[in-house]
Amino acid sequence: MTVLEKVNLTTGIGWGSGPCIGNTGGVPRLDIPPLCLQDGPNGVRFTDFVTSFPSGLATGATFNKDLMHRRGKAIGREAKAKGVHILLAPTIGPIGYKAQGGRNWESFGSDPYLQGIAGALTVQGIQEEGVVAVARHFIGNEQEHFRQENEWTGGDWDRLTDSIDSQIKDRVMHEIYLWPWADVVHAGVGGVMCSYNRVNETYACENSYLLNYLLKEELGFQGFVVSDWGAQHSGVESALAGLDMTMPGEIFGDWCSGKSYWGPLLTRSIYNDTIPQSRLNDMVTRILAAFYSIDIKLPSEQREEDLPNFSSWSFHTYDQEFPFQSYGPIKQTNYHIDARDDFTEKTALQVAREGIVLLKNDAHHLPICTNDGVRRLLVAGKGAGPDTKGFNSKDQQSADGALFSGWGSASVNAPYGITPWEAIAKKAREREMVIDYTSDEYEFDHVDEIAEYADMCIVFGFADSGEGYIEVDGNFGDRKNLTLWQNTEELIQHIANRCHKTVVVVTATGPVNLESFVDHENVVAVLYTPPLGQFFGAAIADVLFGDDNPSGRLPFTIARKDDQYVDIIDKIPLKGKPQDDLNRLLDYRYFDENGIRPRYEFGFGLSYTKFSLSELSIKEILPPTTDLPCPAPYLDEYVYAEEKLKDVDDALFPFRDFTPVPGYIYPYLFNEKIYSVDEYEYPEGYTEEDYYEEPLAGGSLGGNEALWNVLYSVKVEVTNIGDSEGAYVAQLYIDYPNGYGDIKTPRQLRGFDKVYVKPGETAKIHFDILRRDISVWDTEDQSWVINPGTYKLYVGSSSRRLELAGEVEIL
């Protein structure tokens, strides 16, 4: 390949310059197509006839490994049908450090083990369908405020000179933030997206320690690193630091300008030897290796249907070739291929059902049954009905109806949305019940009257959030508080004061404060749902009426007081460089270690039936050793023959051959001047030679191969002692002995499984404990170690309901 061809694959061609949200150039001479990169983690963005899947947070709440994998396959299948080559999914960052974090709903919950398992299974599912998965956002992206210095203006924002700096200590980095990334790398993820924020004072997309060392060396990542859209802040430095592809190509905020840190500038840097050819070769090798290692047709086998059949910039069947720029001839831009099938739709519905968490059910008033005297229903709250702007406001940024999704790049244009009111009313009519509905949340005279007549009232409330480029009611991506929106808490009080059987359904993108109503004597039941996608109403109605037994579990902790969470950084220091300390214990670890009683703990969830755990057994499979064994020797590096660069004239823009598209980023040089770089100031410590030793913690995909060895096998039995079929989520937690560093290793999740059990029957559950599960990070030796001592193993139904206990002694 020529330099121009290589640069063409590393640089996005510009915002709106191709059919997808991100597009590379192609290499026509070698039949390599322009690569289509498309959001996202909850379905294919900016197109039609696709499924709006339940959120990542809902998927985490299922605690169902099979569903996690099936959802990945379903999303990948629809992306493949739309001609997407690279899907920007799954989201495993943020880790959920902040309850108000705007994008918590995209990832799987506030625990690295849960995120790692769900992320790896999602990657496997997507890539089994022939689409490259790109996990995002690497790393420490825990809030949306101040992620980009020119995203908002006015007030404190005008003082912002640099993106927020996530300060993460070495041990915390490895044991919390880096943990799920090891899982997805181990699963063979093709790409990783670096985040907007700085990490320990350096931007994530030009942080050599993060990209070159932690990701590519220690975790053995073999794919490519792509920038978040506009997260690149330099040209030479980002290339040397390990960035392999820049998206969408331009400098942040200068969309359609053609201004790029790479493109022609990358070509120039190769010609004047500022960047070694070996680095460019590595970029392209990583991109193509990821592309062809997935089950993708070879160039000679590719057909038209393997290319994008939609436009992200227009829903019209025919439009200009470049609709975003209003440029080019009229052509067919959308083929309206229906990507859905029975598998994808059924998977979305099942994830929605299993993502619902029953938090309270006093006197077993749920499920709804006419035999219990419930003949009149009232459904209340804007969160039960359709939004006044429909189901598909731009990027789902409207919040005036049922909450199917958070807002931003992870949102999907839903083909429809089944509202709770619609689904509940249908079931009520089938049971010959009387049903009423009100969406009024500010004028209560009529609400008070109809609430008194109802046998049961179901009140829907919500709290929304999303990506930082969108502001909704003063929420700049992150939520500004932890209350319900649209005055719902006052509505709940009015109804509960008059209706003796009040059920509250809360749909939110993260934890909410329930204290104003959860203990009300007439609030007999409370359910929590993350955003459930297009089947929200159908799923919640199935659970409310008992057609489906709730089996979701909380993927985070719900506190009693707001100050028990970590605050969003919303003030900018005078120097314009905000910092964020991400080193406090995460979620339930903090509550446990500080003796704080939460309202509802991590992993909590009720069922309509009862279960009993018994027969805990622990078997040693491999005897543990304190230190990691040395990894196998690296294979010899493949070195390309050093290309002798052709005359610079061959890299000049061929103005005579075609007219450039406005805003399109080409790899060509604009003139023959290749500036001298004798005095180029490289980043401190830079050398073309590897200056570090091969890490003991590395050596394979996801780190040292021994980390993935099974050391112990744990088995338990669960019996359904109730009178209805249901699913039980068994959770394994490990309590570690004291013994290393100044940070005590807290009890933490190290296994989960969901089993379906009929009344009177017993199911067996098996957990494998890997070496990494009982290891801690040694900051001096820069390796994983196992401390000698007593390890206590607990199995239960939540992080605080631990019915069975055992232990292993490691000498």
Side-chain angles (χ1 to χ4, degrees), residues 3-18 20-27 32 34-39 85-86 88 132 134-139 141 147-150 163 190-198 202-208 210-212 215-216 221 223-270 274-275 279-288 290-291 409 663-669 683:
V3 170
L4 293 178
E5 290 170 336
K6 295 172 189 175
V7 171
N8 221 24
L9 285 174
T10 65
T11 306
I13 59 177
W15 184 255
S17 294
C20 302
I21 196 73
N23 308 267
T24 71
V27 185
I32 298 174
L35 301 182
C36 164
L37 291 82
Q38 194 72 7
D39 294 306
H85 302 121
I86 300 170
L88 306 175
V132 177
V134 171
R136 64 194 208 181
H137 307 88
F138 190 76
I139 201 166
N141 179 46
R147 63 179 194 160
Q148 288 279 22
E149 65 266 28
N150 57 349
S163 298
V192 164
M193 180 192 292
C194 52
S195 54
Y196 286 117
N197 53 286
R198 293 179 293 149
T202 302
Y203 280 102
C205 289
E206 56 186 59
N207 191 315
S208 181
L210 285 181
L211 305 183
N212 283 332
L215 181 62
K216 294 182 177 180
F221 175 57
F224 64 94
V225 176
V226 57
S227 70
D228 204 340
W229 268 228
Q232 185 187 29
H233 287 264
S234 64
V236 174
E237 282 84 350
S238 62
L240 300 178
L243 185 66
D244 302 304
M245 181 189 290
T246 178
M247 280 290 150
E250 298 102 330
I251 297 171
F252 184 84
D254 282 334
W255 310 134
C256 277
S257 67
K259 297 177 182 179
S260 176
Y261 287 114
W262 282 3
L265 297 183
L266 182 56
T267 301
R268 187 181 75 180
S269 296
I270 298 298
T274 308
I275 297 175
R279 175 75 268 263
L280 181 61
N281 289 341
D282 181 54
M283 296 181 198
V284 178
T285 299
R286 287 175 173 275
I287 294 167
L288 292 179
F291 183 62
S409 63
Y664 196 105
I665 298 170
Y666 298 93
Y668 305 108
L669 297 172

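Residue numbers run from 1 in the order of the sequence given.
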Check [X] against [Y] and note the closest heavy-atom contact, atom names and distance.
{"X": "Ile86", "Y": "Phe224", "value": "CD1-CZ, 3.9 Å"}
{"X": "Cys205", "Y": "Ser195", "value": "SG-O, 3.7 Å"}
{"X": "Trp255", "Y": "Trp229", "value": "CH2-O, 4.1 Å"}
{"X": "Glu237", "Y": "Pro683", "value": "CG-CG, 3.5 Å"}
{"X": "Leu211", "Y": "Val225", "value": "CD2-CG1, 4.1 Å"}
{"X": "Met283", "Y": "Ala239", "value": "CE-CB, 3.5 Å"}

Gap between atom [atom2] of [Y] and atom [atom1] of [X] - 0.5 Å precision:
{"X": "Met247", "Y": "Thr10", "atom1": "CE", "atom2": "OG1", "answer": "9.0 Å"}
{"X": "Leu215", "Y": "Ile139", "atom1": "CG", "atom2": "CD1", "answer": "8.5 Å"}
{"X": "Phe138", "Y": "Ser227", "atom1": "CZ", "atom2": "OG", "answer": "14.5 Å"}
{"X": "Asn197", "Y": "Thr202", "atom1": "CG", "atom2": "OG1", "answer": "11.5 Å"}
{"X": "Lys216", "Y": "Ser208", "atom1": "NZ", "atom2": "OG", "answer": "9.5 Å"}

Just by modelled atom types, is the [Y] backbone N or O under 3.5 Å from a matching donor or acceptor in the [X] side chain?
{"X": "Glu250", "Y": "Lys259", "answer": "no"}
{"X": "Gln148", "Y": "Gly230", "answer": "yes"}
{"X": "Arg286", "Y": "Phe221", "answer": "yes"}
{"X": "Arg198", "Y": "Ser163", "answer": "yes"}
{"X": "Ser260", "Y": "Trp262", "answer": "yes"}

For a quick check under 3.5 Å, do Asn281 and Thr285 share a side-chain donor-acceptor pair by atom type?
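On atom types as modelled, these side chains do not qualify, holding no pair under 3.5 Å.
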
Does the side chain of Thr246 come under 3.5 Å of the side chain of Gln232 through a donor N or O and an acceptor N or O?
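Yes - a donor-acceptor pair under 3.5 Å links their side chains.
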
Please lay out, stage by stage, how Thr267 and Tyr668 fare under the test side chain to side chain contact (heavy atoms under 4.5 Å, CB included).
CA-CA 7 Å; Thr267 301; Tyr668 305 108; over 6 Å; no

Show your working on side chain to side chain contact (heavy atoms under 4.5 Å, CB included) between Arg136 and Leu88 and close with a plain yes or no.
CA-CA 7 Å; Arg136 64 194 208 181; Leu88 306 175; 3.6 Å; yes

What residue among Leu9, Leu266, Ile13, Asn8 forms side chain to side chain contact (heavy atoms under 4.5 Å, CB included) with Pro667?
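Between Pro667 and the candidates, side chain to side chain contact (heavy atoms under 4.5 Å, CB included) is satisfied uniquely by Asn8.
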
Between Cys36 and His85, does the side chain to side chain contact (heavy atoms under 4.5 Å, CB included) criterion hold? Intermediate values first, please.
CA-CA 5 Å; Cys36 164; His85 302 121; 3.6 Å; yes

Show, in sequence, the C-alpha distance, side-chain angles and deciding distance for Lys6 and Asp282, and conclude whether the salt bridge (charged side-chain N to carboxylate O under 4.0 Å, His left out) test is met.
CA-CA 10 Å; Lys6 295 172 189 175; Asp282 181 54; over 6 Å; no

Parallel, tilted or perpendicular: which fits the ring planes of Tyr203 and His233, with parallel below 30° and perpendicular above 60°?
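Correct class here is parallel.
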
With side chain to side chain contact (heavy atoms under 4.5 Å, CB included) as the test, would you mind laying out the steps for Ser17 and Ile665 before giving the verdict?
CA-CA 8 Å; Ser17 294; Ile665 298 170; over 6 Å; no

